[in-house]
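Convention: sequence-line order gives letters A, B, ...; per-chain numbering from 1.
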There are 2 protein chains.
Amino acid sequence: MDRLTTRAMAERLREAGIPVTLQRLEIARVMLQQPVHLSADQILSAVRATVPETSRATVYNTLKLFREKKLVRELIVDPDRVVFDSNTDPHYHLYDVNTGELTDVSADELRVIGVPQLPPDIELEEVDVIIRVRGKRT
Amino acid sequence: MDRLTTRAMAERLREAGIPVTLQRLEIARVMLQQPVHLSADQILSAVRATVPETSRATVYNTLKLFREKKLVRELIVDPDRVVFDSNTDPHYHLYDVNTGELTDVSADELRVIGVPQLPPDIELEEVDVIIRVRGKRT
DNA sequence: ATTTTTGCAAATGATTTGCATTCAT
DNA sequence: ATGAATGCAAATCATTTGCAAAAAT
């Protein structure tokens with residue numbers, strides 16, 4: 001990949017307060033260059049295509065780190081695998097339970113009205129909306 | 001438990017087209033007598049309190065069956081465990097990421113506006129809303 | 001008799017962990 | 001040197017599966 005992207009990603013990590021390492025940079029390129037929905041395993045494969053000496057544990061560590069720094073979101077959509085989402089704009093999801101395909105629904109299109117008032121000792125983390133659909137029987 | 005409840009639960013299963021067995025009846029009592037949010041393991045424990053000769057596999061089988069018959073919903077809220085919800089009214093959820101506590105939010109209180117139009121070959125399964133909150137640090 | 005349901009134990013698969021090594025400061 | 005980051009393999013844990021025994025029709 002071009003040096004340009006590498007620089008941009010490194011910059012992005014530093015901004016987030018994440019020390020740059022080779023593996024983190026590569027994971028950033030896979031995840032942060034454009035909005036994607038990927039499982040840990042897909043990310044591992046993609047990263048290993050370029051940096052084969054990358055361990056599964058590092059991918060999990062890094063994704064957890066990225067999540068803490070709000071570079072990615074963890075989507076709990078399928079009981080079998082977590083999906084990491086690099087779209088950081090407020091948005092919701094449409095999920096095809098047959099194919100597993102995930103599509104973003106922007107917060108402009110969809111509104112959630114009536115989120116309950118929270119007591120002062122409870123803070124709102126986020127509101128997830130998952131529109132589960134089923135493509136017709138194959 | 002009183003015979004009354006047993007009868008009611010048996011009736012409920014038959015209505016759903018589920019042949020009644022001892023284990024299913026017991027699981028129905030745990031789940032369907034009142035709205036609850038329980039993990040498979042919690043259900044297994046509760047059932048074994050009364051019918052100790054109950055296997056984990058049967059609990060999973062039965063829950064899957066109940067789900068197909070729309071007696072319970074599967075909530076994908078925590079990556080580590082599926083929660084089974086016996087509230088069959090349309091409703092949403094508030095989830096405390098610290099405690100794991102789940103609270104229902106009725107569909108009267110909360111509305112989702114702008115669910116995208118679906119092509120005719122795609123049918124809407126359901127719309128999940130999870131309001132993730134964080135109780136102040138303990 | 002045949003089909004359904006169950007229990008048990010083993011298999012699976014995603015994620016985590018412990019620990020020794022390597023890297024950065 | 002010291003602490004952070006990594007790789008590796010083993011551990012964990014929820015869920016699933018294969019199969020034989022028990023129950024229902």
How many whole angstroms separate atom [atom1] of [X] from atom [atom2] of [N]?
X	N	atom1	atom2	result
A:R56	D:dA10	CZ	P	14 Å
A:D78	C:dG13	CG	C1'	12 Å
A:E68	D:dA5	CD	C1'	15 Å
A:N61	D:dC8	CG	P	14 Å
A:D80	C:dT15	CG	C1'	13 Å
B:L13	C:dT4	CG	P	18 Å
A:I76	C:dA14	CD1	P	15 Å
B:R81	C:dT15	CZ	P	17 Å

Just by distance, with hydrogens left out, do A:D85 and A:H91 show a side-chain donor and acceptor under 3.5 Å apart? yes
Need one value for A:S39: base, sugar-phosphate or nothing, where a base atom within 4.0 Å counts as base even if backbone is also close, heavy atoms only. nothing
Map B:P19 and A:S55 onto DNA chain D by nearest heavy atom, then report which one ends up closer to the 5' terminus.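 Mapping each residue to its closest nucleotide by heavy atoms, the 5'-most match is A:S55.
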Assign each of A:T62 and B:F84 to its nearest nucleotide of DNA chain D by heavy atoms, then name whichever residue's nucleotide is nearer the 5' end.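 Closest to the 5' end, via its nearest nucleotide, is A:T62.
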Does D:dA23 have OP1 or OP2 sitting under 4.0 Å from an N or O in the side chain of B:T21?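 Answer no for this pair, as no side-chain N or O of B:T21 is under 4.0 Å from OP1 or OP2.
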Is B:Y60 near enough to D:dT15 that one of its side-chain N or O atoms lies under 4.0 angstrom from OP1 or OP2?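 For D:dT15, OP1 or OP2 has a side-chain N or O of B:Y60 closer than 4.0 Å.
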Walk me through whether A:R29 and A:T6 qualify under side-chain hydrogen bond (donor to acceptor under 3.5 Å, both in side chains). CA-CA 7 Å; A:R29 281 223 289 252; A:T6 306; 2.5 Å; yes
Could you tell me whether A:R56 and A:D41 have a side-chain N and a carboxylate O separated by less than 4.0 Å? yes
Should B:V72 and B:L32 count as side-chain neighbours, where that means a heavy-atom distance under 4.5 Å? yes
Could you check whether any side-chain heavy atom of A:S106 comes within less than 4.5 Å of a side-chain heavy atom of A:D89, counting everything from C-beta outward? no
Candidates D:dC8, D:dT15, C:dT15 - which lies nearest the side chain of A:A40: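 In terms of side-chain proximity for A:A40, the closest of D:dC8, D:dT15, C:dT15 is C:dT15.
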